[in-house]
Protein chains: 2
Amino acid sequence: MARESKESRHDRLRQALNEDLFLTDSELARLLGVSIQTVRLDRMEIGIPELRERTRQVAAERLRQVRAISGAEIVGELTHLVLGREGSSSLRITDDMLFTKRAIARGHYLFSQANSLAIAIVDAPVALTGLARVRYRRPVTRGEQVDARAEVLRVVGSRHLIRVVSQVNEDVVFSAKFYIVAKDDAG
Amino acid sequence: MARESKESRHDRLRQALNEDLFLTDSELARLLGVSIQTVRLDRMEIGIPELRERTRQVAAERLRQVRAISGAEIVGELTHLVLGREGSSSLRITDDMLFTKRAIARGHYLFSQANSLAIAIVDAPVALTGLARVRYRRPVTRGEQVDARAEVLRVVGSRHLIRVVSQVNEDVVFSAKFYIVAKDDAG
DNA sequence: AGTTAATTAGTACGTGCTACCAATGAGCAG
DNA sequence: CTGCTCATTGGTAGCACGTACTAATTAACT
C-alpha cells in the first residue's frame, strides 16, 4: 500500500480545519493518522498558524465586522447627503455578496443599499419602509462598484416618496421607488 | 489619598476590555496600576474569563454567523418547499438585525427573507429578481419569529410571479410580489 | 548499497493562564 | 494599642498548546 502523498494529506488538513477551526495539533495528528511533528511541519509548509493564532485572527476579524455593521446603518458608503432632498452611496460587490455558484450578486444587497440610502435621507428620528417598487435591470458581478443616487420626489405628511437609481459606471442596474414613513421618537 | 474603590476599578477593567478584548492580565495590571494577582482576583469576581477563552468565544460566535450566511442562500430557515409551486421559511429577529437605537428590525431583513424564498421556489439553475413590489405592514421587533409563505401565482415563459406573505403569529407584517426570471446555466 | 525526502521522537523554552499559600498593609471596633 | 478583617501582593507548581531545534528512523528510488 503506497503511502499517501503529502499533497493529499495537506488537503485533508485544510479540510479538517475548515470544518473545525479549534482543532489542536494533537487532535489533527489523530485525525490524519500521523505524528504531531508531521502536523506541525505540514502547518508550517502551507502557512497555517497555530490554534491560538487562528482563533485570534478570526475573533479580530469578527470584531472588525461587528463594528463596521453597528457603525453603519447604511449598506454601502455614503458619499453625499442632503437631508430631506437627496443622497448617494457606493457599494463594491465582494465575494461574500455573491451566489456561491455564480459570480452574480444577490439581489437583496442592491435592495439593502437603496433602502438604507432612502431611509437615511428622511430627516426623522425613525423612518420605516412602507412600500417599495423595485426593478432589477441587469445582474451585477464581482468587483463592480454600484453607485446609488436617491432623490425625494414627494412628501405628504410623514410619507416620503423616494426614487433610487443604482448604476455601474453609466449602466443602470437597479431602480426603485420607496415610500418611507417617518415616525417621531414616541411612535 | 483614599484608595480607589474596588467597584470603580472593576468598571475600569470592564471598560478596558471593552475597548480591547486582547489585553493580557499583565497588560491590564499595568493599565489599572495594580498587581497581576489583583487583576486575576477581579476577573474572577466579575466572571470575566481569561484572554484565550474570551478570544475563543468571539471566534466561535463569528463562525456561527458565517455559516448562517454562506450555508444558506436562504435568509431564514426553510421549512417547506415544493419546487415551482410554494414554500415557506421562518426567521427569528436577533439583535444584529435591529436599528441600534430602536428594537425594530431593518426592513431589508424581511425583504431578504422573502426574496430568497421566492428565488428558492423557482426551479432553475439561476434565478434573478426582475421586479418587486413590497409592502411593510407593521414593524417587527426583537425576538419575534417571522414566518414567510410564498406561492407561485403565474408563470410566463421564464418569468415567475410569486407572492410572499410574512406573518408574526397571525399578524401580517410584510407582503411582496416578485417577478423572478429563471435563467439556464449558460445565461 | 547509497542517497534523499519524509516522518517520528524528544528536549528546551515561551506564553498566559489556574490553583494555591503565605506575607503585608490598611481600616476599624473594642 | 490590640486584635480582627478585607484587600492586595508575592511567589510557586502545574497545565495547555504551542515554537525551535536536534537526532534517529523509515520508505522509496536510482
Side-chain angles (χ1 to χ4, degrees), chain A residues 1-68 70, chain B residues 1-71:
Chain A
M1 197 151 98
R3 182 153 63 178
E4 181 190 16
S5 83
K6 212 201 268 198
E7 256 320 304
S8 107
R9 192 182 58 228
H10 284 184
D11 285 345
R12 289 199 296 137
L13 198 167
R14 273 182 278 252
Q15 173 81 29
L17 285 180
N18 212 35
E19 277 168 27
D20 183 358
L21 186 80
F22 301 114
L23 292 169
T24 63
D25 285 357
S26 104
E27 289 169 324
L28 285 167
R30 257 196 312 100
L31 235 76
L32 302 183
V34 293
S35 74
I36 204 171
Q37 278 78 1
T38 302
V39 169
R40 285 173 182 164
L41 287 172
D42 284 356
R43 276 203 296 101
M44 296 302 136
E45 268 183 74
I46 45 186
I48 294 178
E50 57 160 310
L51 164 61
R52 287 157 180 166
E53 181 56 23
R54 294 196 298 272
T55 312
R56 219 201 70 84
Q57 285 176 8
V58 171
E61 176 61 15
R62 159 139 202 266
L63 291 181
R64 203 187 56 75
Q65 286 191 3
V66 166
R67 290 209 175 121
S70 75
Chain B
M1 197 152 95
R3 184 154 61 177
E4 181 190 16
S5 83
K6 211 201 263 196
E7 256 320 303
S8 106
R9 192 183 57 227
H10 284 183
D11 285 347
R12 288 200 295 138
L13 198 168
R14 272 183 279 250
Q15 173 81 29
L17 285 180
N18 210 36
E19 278 168 27
D20 184 357
L21 187 79
F22 302 112
L23 293 168
T24 63
D25 284 357
S26 105
E27 289 169 324
L28 285 167
R30 259 198 309 100
L31 237 73
L32 302 183
V34 293
S35 74
I36 203 171
Q37 278 79 0
T38 302
V39 169
R40 285 173 182 166
L41 288 172
D42 284 357
R43 273 201 300 102
M44 296 300 137
E45 270 182 74
I46 45 185
I48 294 178
E50 56 160 313
L51 163 60
R52 287 159 181 166
E53 180 55 24
R54 295 196 299 272
T55 312
R56 220 200 67 85
Q57 286 175 8
V58 171
E61 177 63 16
R62 153 131 196 229
L63 293 184
R64 202 186 56 75
Q65 286 191 1
V66 167
R67 276 203 191 128
I69 290 169
S70 82

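Letters A, B, ... are given to chains in the order of the sequence lines, protein chains preceding strands, and every chain is numbered from 1.
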Think [X] has a side-chain N or O under 4.0 angstrom from the OP1 or OP2 of [N]?
X	N	value
A:Arg43	D:dT19	yes
A:Arg9	C:dT7	yes
A:Lys6	C:dA5	no

So which nucleotide from [options] ends up closest to the side chain of [X]?
X	options	answer
B:Val34	D:dT9, D:dG18, C:dG16	D:dT9
B:Glu50	D:dC17, C:dG16, C:dT7	C:dG16
A:Ser35	C:dG16, C:dA9, C:dG14	C:dA9
A:Leu41	C:dT7, D:dT8, D:dC17	C:dT7
A:Thr38	D:dC17, C:dT8, C:dC17	C:dT8

To the nearest Å, how far apart are [X] [atom1] and [N] [atom2]?
X	N	atom1	atom2	value
A:Ile48	D:dG18	CD1	C1'	15 Å
A:Met44	C:dT7	CE	P	15 Å
A:Arg54	D:dG18	CZ	P	7 Å
A:Asp25	D:dT19	CG	P	6 Å
A:Leu28	D:dC17	CG	P	12 Å
A:Glu27	D:dA16	CD	P	12 Å
B:Glu45	D:dA7	CD	P	7 Å
A:Phe22	D:dA16	CZ	P	19 Å

Name the nucleic acid region contacted by A:Gln37, choosing base, sugar-phosphate or nothing; use a 4.0 angstrom heavy-atom cut-off, strictly under.
base

Counting any heavy atom closer than 4.0 Å, what does B:Ile36 reach on the DNA or RNA strands: base, sugar-phosphate only, or nothing?
nothing

Do A:Arg52 and D:dC17 have a side chain to base donor-acceptor pair shorter than 3.5 Å?
yes

Taking A:Glu50 first and then A:Arg40, would you say they form a salt bridge - that is, a charged N and a carboxylate O separated by under 4.0 Å?
no

If only atom types and distance count, is the side chain of B:Arg9 paired as donor or acceptor with the main-chain N or O of B:Glu4 below 3.5 Å?
no

From CG (B:Leu51) to CG (B:Leu21), nearest 0.5 Å:
7.5 Å

Between CG on residue B:Leu13 and CZ on residue B:Arg43, distance to nearest 0.5 Å:
8.5 Å

Note: for B:Arg40 and A:Leu51 on DNA chain D, the residue whose nearest nucleotide lies more 5' is B:Arg40

Is it the case that the side chains of A:Glu61 and A:Gln57 hold a donor-acceptor pair, with the cut-off being a distance below 3.5 Å and no angle test?
no

